[in-house]
Trainee: 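Take this structure, written in structure tokens, and hold onto it; I'll ask about it next.
Note that ligands are numbered from 1 as they come in the structure, with each ligand's atoms numbered from 1 the same way. We're numbering straight along the sequence, starting at 1.
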Amino acid sequence: MDDIFCKIARGDIPSCKVYEDEYVLAFLDLGQVTKGHTLVIPKKHSTNILDCDEEYLGHVFKAAQKVANALIKTYGATGVNILSNANESAGQSVFHFHVHIIPRYGNDEYLELGFKEHDTSNMDLKAMAEEIAKNI
Ligand code: DGP
């Protein structure tokens, strides 16, 4: 598997690098949903969080924390969304695991993440939790 982020990880395609270590690379997202929007990727290919090995997963999230704190320090972000789309139905467009670090500034209401809560009073949440837990 050799996708665009594999090429960026190897340095074959240029990127605006924010952080790098043996396991991960963090670079600015071309789309800049807000100022400083950064992607963290593992250098070893995985499609998304669902198939990433635990060692790399840990390093990706450690780097995500570093980047998030750096965005707060650098640009005065007051919050941050850390998210990862897995598979096409969830909006994934590049099929190499990546975590979005999207700094928030309190004035970017236009960034609507689209979560809408449902009334769960008629749902058996306890039974659902038990069903899911059986598959972990
Ligand atoms: P997603 O939809 O979650 O798969 O996000 C993919 C992101 O990757 C999207 O926000 C745009 C960004 N992107 C795509 N191609 C490139 C690229 O060549 N360079 C950089 N820096 N970002 C890219």
Side-chain angles (χ1 to χ4, degrees):
M1 188 68 207
D2 198 33
D3 56 74
I4 190 149
F5 287 178
C6 289
K7 292 185 172 76
I8 287 176
R10 285 200 304 270
D12 294 350
I13 290 180
S15 67
C16 295
K17 183 169 78 182
V18 167
Y19 173 78
E20 182 172 23
D21 64 27
E22 192 186 338
Y23 300 94
V24 307
L25 177 70
F27 56 98
L28 292 182
D29 188 298
L30 274 184
Q32 291 297 288
V33 167
T34 62
K35 184 177 181 182
H37 176 186
T38 299
L39 301 174
V40 182
I41 62 170
K43 288 186 173 177
K44 184 172 119 181
H45 179 82
S46 57
T47 304
N48 55 42
I49 193 170
L50 302 174
D51 66 343
C52 182
D53 75 47
E54 283 186 10
E55 186 186 16
Y56 276 81
L57 193 58
H59 287 286
V60 165
F61 278 95
K62 272 188 201 167
Q65 184 192 47
K66 285 186 208 294
V67 170
N69 280 312
L71 289 166
I72 289 167
K73 196 169 168 185
T74 309
Y75 294 129
T78 52
V80 60
N81 293 111
I82 297 176
L83 61 96
S84 188
N85 300 324
N87 291 344
E88 204 174 341
S89 60
Q92 185 175 10
S93 61
V94 176
F95 294 89
H96 180 122
F97 177 36
H98 54 282
V99 172
H100 292 261
I101 317 296
I102 304 176
R104 303 299 297 263
Y105 299 98
N107 60 351
D108 41 26
E109 296 82 6
Y110 66 87
L111 174 57
E112 176 52 69
L113 291 179
F115 291 117
K116 194 163 176 287
E117 290 183 7
H118 287 98
D119 176 4
T120 56
S121 53
N122 289 325
M123 292 170 74
D124 189 346
L125 295 182
K126 191 166 175 287
M128 278 171 62
E130 284 166 8
E131 271 168 7
I132 297 163
K134 276 186 204 145
N135 287 312
I136 289 177

Trainee: If you measure from the Lys or Arg side-chain nitrogens to the Asp or Glu carboxylate oxygens, is any gap between D21 and K62 under 4.0 Å?
Mentor: no
Trainee: With heavy atoms of Q92 as the reference, note each atom of ligand 1 found under 4.0 Å away.
Mentor: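 Those qualifying, in numeric order: 4 (O).
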Trainee: Taking only heavy atoms of F27, which atoms of ligand 1 are found under 4.0 Å from at least one of them?
Mentor: 20 (C), 21 (N)
Trainee: Please determine if K126 and E130 form a salt bridge, counting it only when a charged side-chain N lies under 4.0 Å from a carboxylate O.
Mentor: yes
Trainee: Which bit of I13 is near ligand 1, meaning a heavy atom under 4.0 Å away: side chain, backbone, both or neither?
Mentor: neither
Trainee: Under a heavy-atom criterion of less than 4.0 Å, does L39 contact ligand 1?
Mentor: yes
Trainee: Do me a favour and list the nearest non-hydrogen protein atom to atom 22 (N) of ligand 1 with residue, atom name and distance?
Mentor: L30 N, 3.3 Å
Trainee: Between L57 and F97, is there a side-chain heavy-atom distance shorter than 4.5 Å?
Mentor: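 They are in side-chain contact.
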Trainee: Between E20 and K43, is the side-chain contact (heavy atoms from CB on, under 4.5 Å) condition met? List the steps.
Mentor: CA-CA 10 Å; E20 182 172 23; K43 288 186 173 177; 2.8 Å; yes
Trainee: For ligand 1, which atoms, with element, lie under 4.0 Å from some heavy atom of I4?
Mentor: 18 (O)
Trainee: Test F5 against L25 for side-chain contact (heavy atoms from CB on, under 4.5 Å), laying out the working first.
Mentor: CA-CA 10 Å; F5 287 178; L25 177 70; over 6 Å; no
Trainee: Would L28 count as a polar contact of ligand 1, with the cut-off being nitrogen or oxygen pairs under 3.5 Å?
Mentor: yes
Trainee: Counting each atom of ligand 1 from 1 as listed, which ones have a heavy atom of S93 under 4.0 Å away?
Mentor: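 Once the distances to S93 are compared, the set is 1 (P), 2 (O), 4 (O), 5 (O), 6 (C).
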Trainee: Considering non-hydrogen atoms of the protein only, which is the closest contact for atom 14 (C) of ligand 1, and what is the distance?
Mentor: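 That would be V94 CG2, 3.9 Å.
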Trainee: Looking only at protein heavy atoms, which one is nearest to atom 7 (C) of ligand 1, and what is the separation?
Mentor: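 The protein heavy atom lying closest is D29 OD2, 3.4 Å.
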Trainee: Show the nearest heavy-atom pair for residues T78 and G106, with the distance to one decimal.
Mentor: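 That closest heavy-atom pairing would be OG1-N, 3.7 Å.
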Trainee: Any nitrogen or oxygen of I8 lying under 3.5 Å from a nitrogen or oxygen in ligand 1? Just yes or no.
Mentor: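 No, since none of the N or O atoms of I8 sits under 3.5 Å from an N or O of ligand 1.
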Trainee: Would you say N87 and S89 are linked by a side-chain donor-acceptor pair, where the criterion is simply a distance under 3.5 Å?
Mentor: no
Trainee: Decide yes or no for K44 and D53: does some side-chain heavy atom of the first lie under 4.5 Å from some side-chain heavy atom of the second?
Mentor: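 They are in contact (side-chain heavy atoms under 4.5 Å apart), so the answer is yes.
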Trainee: Once you measure the plane-to-plane angle for Y23 and H59, does it fall in the parallel (<30°), tilted (30-60°) or perpendicular (>60°) bin?
Mentor: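 The arrangement is parallel - the two ring planes meet at less than 30°.
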Trainee: Does only the side chain of N85 get under 4.0 Å from ligand 1, or the backbone, or both, or neither? Count heavy atoms.
Mentor: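 For N85, the contact with ligand 1 is made by the side chain alone.
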Trainee: Give yes or no for whether the N/O distance cutoff of 3.5 Å, strictly under, is met between H37 and ligand 1.
Mentor: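 So ligand 1 has no N or O lying under 3.5 Å from an N or O of H37.
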Trainee: At a 4.0 Å cut-off, with the gap strictly under it, does some heavy atom of G91 reach an atom of ligand 1?
Mentor: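 Distance cut 4.0 Å: G91 passes for ligand 1.
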Trainee: Report yes if some N/O of H98 lies less than 3.5 Å from some N/O of ligand 1; otherwise report no.
Mentor: yes
Trainee: Answer yes or no: is there a side-chain heavy-atom contact under 4.5 Å between P42 and H96?
Mentor: yes
Trainee: Which heavy atom of the protein is the closest neighbour of atom 8 (O) of ligand 1, given with residue, atom name and distance?
Mentor: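 Answer, as residue, atom name and distance: F5 CZ, 3.5 Å.
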